[in-house]
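Take a look at the structure set out below.
Each ligand, and each atom within it, is numbered from 1 in the order the structure gives.
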Amino acid sequence: MSDAKPHRTEAHSLFVIDLFCQVIDNYGDIGVCWRLARQLTQQTRHCVRLWVDNLAAFQRLAPQVNNSGKQALSSQITLYHWSQANHVPSAGDIVIEAFGCQLPELFISKMVHKNSLWINLEYLSAEDWVGDCHGLPSFQPNGLRKYFFFPGFTPATGGLLREPDLFERRNKWLAEPALRWAQLSRLGVSAKLCNLLQTSGRQVFLFNYPSAPVNALIEALETDPKPTVILQPQGSGPNVSSPAPNIHHVQIPFVPQPEFDSLLWSSDLNLVRGEDSVVRAHWAGKPFIWHIYPQADHAHLTKLSAWLNKSPFDQSIKQLQMAWNQEDTAVCKTILTTLLSHPEKWQNWQLSCQNWGLNLGQQPDLATNLLQFFTYHAGTR
Ligand code: TRH
């Protein structure tokens, strides 16, 4: 690639930040990196060069992305295909290696030349050891300073991704119901179902892995006189088979990331999965169940327990979350049916989700913590 000159704004920015993302599976890696790129440049003058190995996956969350390689995504964010990394003249001041994605060797030699600050951004976990390892250095034989940065749920960690104006935007959006109806109709939800939601219906957003015990949810909803509209993004599992007449299942298209957020805001129950959507469910403040990304040897259940231990959920909600991930249809159905038939229990769940989101929102967010870390360590170069 003939990319000899840096992006126009790079010369005037404080830091050039290289953010490397490999799409391992699904959309979580790019989902997190795309949010992070935007948040690192929001209200700052830094430039981000976002290196991604799978532009097609990225395009699903950000339709403005095209497959042509280098392109400006904003005045401060430039997207590059991963394969172009060896051709840039120099590395950035800061290099973020998201989720241990293994930086290209030649690029690392450019980092040595630049004396870049190397951040190893880890996956999200609520486990206690995360607070002990967050921010630890790993000095490299080539002289580079590499630090581990752990997102997390406590002030001892790097925090969670959250835009500074998130709650304000959410509340404004919720205060204007016309936006919700316009969005649903754009996504193909019929006027009849929008009307049902407007009058008496419950909106459920279903974004899970194929193994989720969705039958438990359907059977519990069938016991409830209140009608339900289930919105499920196309291509996401599990299959929902012919539910009873009080349940309406609508497959909606994959939406750009900001629209994904507002779907969570407007739903009465969110079934989310993976790392990014669960964080957004916390900010939505609606009852939610996390279908955590399955890992070998049930490592994900350890992570799930750690998260539940940090949660304000009562015992039955903790049990529900665990049973959902263990695909225990009977337990899920019993707990969901109880919640649906006891409005005060549902209300408690709703309140605990809302308060947890608000409390977590008091902590500094991941991008703010990273920026502070950069500023502090840039001074020690
Ligand atoms: O897609 P995921 O299952 O990604 C997973 C997890 O992050 C997991 O932790 C990780 O280890 C694995 O990838 C490699 O779930 P997640 O994290 O919720 O990411 C989905 C992203 O897709 C999120 O940023 C929201 C976005 N999205 C949209 O923008 N529009 C949509 O319509 C939908 C359904 C999702």
Side-chain angles (χ1 to χ4, degrees), residues 19-39 50 52-65 73 97-102 121-127 130 150-153 160-163 166 183-184 186-189 204-212 230-238 240 250-267 270-284 288-296 298-304 306-307 324-325 366-367:
L19 172 52
F20 280 85
C21 173
Q22 228 166 18
V23 177
I24 304 292
D25 194 6
N26 304 323
Y27 303 99
D29 310 274
I30 185 59
V32 168
C33 290
W34 176 220
R35 288 195 199 279
L36 181 60
R38 281 175 290 164
Q39 290 176 36
L50 178 55
V52 181
D53 69 340
N54 182 340
L55 299 186
F58 189 10
Q59 195 178 39
R60 296 205 75 192
L61 322 183
Q64 69 269 38
V65 167
L73 296 182
E97 176 185 1
F99 316 124
C101 64
Q102 301 286 323
L121 179 67
E122 294 286 347
Y123 281 112
L124 174 66
S125 172
E127 290 162 288
V130 162
F150 282 85
F153 293 83
L160 300 169
L161 278 175
R162 190 187 75 251
E163 304 80 12
L166 173 77
Q183 178 182 39
L184 292 184
R186 245 187 351 263
L187 296 179
V189 180
V204 172
F205 185 65
L206 175 59
F207 178 51
N208 272 193
Y209 298 114
S211 60
I230 299 178
L231 305 177
Q232 184 177 31
Q234 256 157 19
S236 70
V240 176
V250 185
Q251 291 236 310
I252 55 168
F254 210 90
V255 294
Q257 218 178 29
E259 285 217 47
F260 176 82
D261 294 349
S262 50
L263 278 169
L264 297 182
W265 300 342
S266 66
S267 294
N270 288 311
L271 293 113
V272 289
R273 68 185 207 189
E275 175 163 334
D276 187 62
S277 55
V278 76
V279 172
R280 303 316 281 188
H282 284 77
W283 306 142
F288 68 97
I289 302 177
W290 185 18
H291 198 199
I292 192 169
Y293 184 76
Q295 285 178 287
H298 299 297
H300 58 293
L301 295 181
T302 308
K303 283 187 173 180
L304 185 72
W307 174 75
W324 192 260
N325 284 279
L366 181 68

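Listed by chain and number, residues touching ligand 1 at under 4.0 Å (heavy atoms only) are Asp25, Asn26, Tyr27, Gly28, Asp29, Gly31, Leu61, Tyr123, Phe207, Tyr209, Pro233, Phe254, Val255, Pro256, Gln257, Phe260, Arg273, Gly274, Glu275, Asp276, Ser277, Tyr293.
For the pair Val32 and Leu124, the minimum side-chain heavy-atom distance is 4.5 Å or more.
For Phe150, the ring-ring contact (aromatic ring centres under 6.0 Å, His included) partners at least two apart in sequence or on another chain are Trp129.
The salt bridge (charged side-chain N to carboxylate O under 4.0 Å, His left out) analysis of residues 251-261, with sequence neighbours excluded, yields the pairs Arg35-Asp261, Arg186-Glu259, Asp261-Arg280.
The aromatic rings of Phe207 and Phe254 lie perpendicular to each other, with more than 60° between the two planes, well past the 30° mark.
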Show me the donor-acceptor pairs within less than 3.5 Å that the side chains of residues 21-28 make with the rest of the protein, sequence neighbours left out.
unit_1: Asp25; atom_1: OD2; unit_2: Tyr293; atom_2: OH; d: 2.4
unit_1: Tyr27; atom_1: OH; unit_2: Arg60; atom_2: NH1; d: 2.8

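Rounding to the nearest 0.5 Å places CH2 of Trp307 at 5.0 Å from NE2 of His282.
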